[in-house]
**Q** 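Supplied in structure tokens, the structure appears directly below.
Chain naming here is simple, since letters A, B, ... match the order of the sequence lines and numbering starts at 1 in each. Note that the structure is a prediction, hence the values are computed from the model and not measured.
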Amino acid sequence: MKSSTGKCGPAGGDTLAERIKRVIRRIPRGRVASYGQIAALSGHPRAARTVVWILHSSSGKARLPWHRVINSRGTISLRPGCGCEEQRARLTAEGVGFDSAGRVDLRRHGWRP
DNA sequence: AGCATGACTAGGC
DNA sequence: AGCCTAGCCATGC
């Protein structure tokens, strides 16, 4: 019995947010995943925008490898001055290489669960 | 209850 | 090949 209301609370629950966070933590080091991919693995293939919100909401708080999350083109979506340089530095440190166009080779570093 | 925000994505011109 | 538009999902005021 948890509560008479029937709700156990979002903690450890099946909320999309918790699920998305969980998926992001599963991204192995040296690999990157796209927002849409994470959303799909969370059960909502079109909730890429929600993934964005999660990162904003937990940016710097939760221990999420936020730097391993990029867009479907393999480029960093962050705007200059908002941590995009840090993201690139972290990925580079993990062995993820960027080409002259600032793109990651998803065929090589893309996360494939 | 409705509108605005957010690091998106796919498709069309 | 590059830019624009519409669609999607969840939260905050």
**Q** Report yes if a side-chain nitrogen or oxygen of A:His56 is closer than 4.0 Å to either non-bridging phosphate oxygen (OP1 or OP2) of B:dG6; otherwise report no.
**A**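 Negative; the distance criterion is not met.
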
**Q** Distance between the C1' atoms of B:dA7 and C:dC13, in whole angstroms?
**A** 22 Å

**Q** Remember a base hit wins even if backbone is also touched, and classify A:Ser34 as base, sugar-phosphate or nothing at under 4.0 Å, heavy atoms.
**A** sugar-phosphate

**Q** If I take atom CD in residue A:Glu85 and atom C1' in nucleotide B:dA7, what distance separates them, rounded to the nearest angstrom?
**A** 15 Å

**Q** Give the minimum heavy-atom separation between A:Trp53 and A:Ala17, together with the two atoms involved.
**A**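 It is CZ3-CB, 4.0 Å.
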
**Q** For A:Arg90, is there an ion pair with A:Glu86 - N to carboxylate O distance below 4.0 angstrom?
**A**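 The answer is yes: the pair qualifies as a salt bridge.
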
**Q** In whole Å, I'd like the distance from the CD1 atom of A:Ile20 to the P atom of B:dG6.
**A**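 About 18 Å, once rounded to whole Å.
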
**Q** Check the distance between B:dA10's P and A:Asn71's CG and give it to me in whole angstrom.
**A**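 Distance, rounded to whole Å: 10 Å.
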
**Q** Of A:Arg49 and A:Trp53, whose nearest nucleotide on DNA chain C comes first from the 5' end?
**A** A:Arg49

**Q** Once you round it to whole Å, what is the distance between C1' of B:dG6 and CZ of A:Arg79?
**A** 9 Å

**Q** Looking across every strand, which nucleic acid part, if any, lies under 4.0 Å from A:Ile76 by heavy atom: base, sugar-phosphate, or nothing?
**A** nothing

**Q** Distance check needed: B:dG6 P versus A:His44 NE2, whole Å only.
**A**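 For the pair A:His44 NE2 and B:dG6 P, the rounded distance is 23 Å.
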
**Q** May I ask you to say what A:Val51 touches in the nucleic acid, namely base, sugar-phosphate or nothing, with a heavy-atom cut-off under 4.0 Å?
**A** nothing

**Q** Provide the closest heavy-atom pair for A:Glu94 versus A:His67 in the form atom of the first, atom of the second, distance.
**A**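 Heavy atoms of A:Glu94 and A:His67 come nearest at OE2-NE2, 3.1 Å.
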
**Q** Is there a side-chain contact between A:Leu106 and A:Val32 in this structure, where contact means two heavy atoms from C-beta onward sitting under 4.5 Å apart?
**A** yes

**Q** So A:Ser77, base contact, sugar-phosphate only, or nothing? Heavy-atom distance under 4.0 Å.
**A**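 Sugar-phosphate: the residue A:Ser77, judged by heavy atoms under 4.0 Å, touches backbone atoms but no base.
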
**Q** Can you tell me if A:Ser57 touches the phosphate of C:dA10, counting only side-chain N or O atoms and a distance under 4.0 Å to OP1 or OP2?
**A**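 No.
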
**Q** Expressed as a whole number of angstroms, how long is the span from A:Asp14:CG to C:dA10:P?
**A**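 Distance check: A:Asp14 CG to C:dA10 P gives 14 Å.
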
**Q** Nearest whole Å is fine: how far is B:dG6 P from A:Ile38 CD1?
**A**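 In whole Å, B:dG6 P and A:Ile38 CD1 are 20 Å from each other.
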
**Q** Classify the side chain of A:Arg46 versus the base of C:dC8 as yes if they form a donor-acceptor pair under 3.5 Å and no if they do not.
**A** no

**Q** Could you say whether A:Thr50 or A:Ile70 is positioned toward the 5' end of DNA chain B, judged by the nucleotide with the nearest heavy atom to each?
**A** A:Thr50

**Q** Nearest to the side chain of A:Ala48, which nucleotide is it out of B:dA7, B:dA10, B:dC8?
**A**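 The answer is B:dC8.
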
**Q** Atom CH2 of A:Trp66 to atom P of B:dG6: distance rounded to whole Å?
**A** 17 Å

**Q** Just by modelled atom types, is the A:Arg112 backbone N or O under 3.5 Å from a matching donor or acceptor in the A:Gln37 side chain?
**A** no

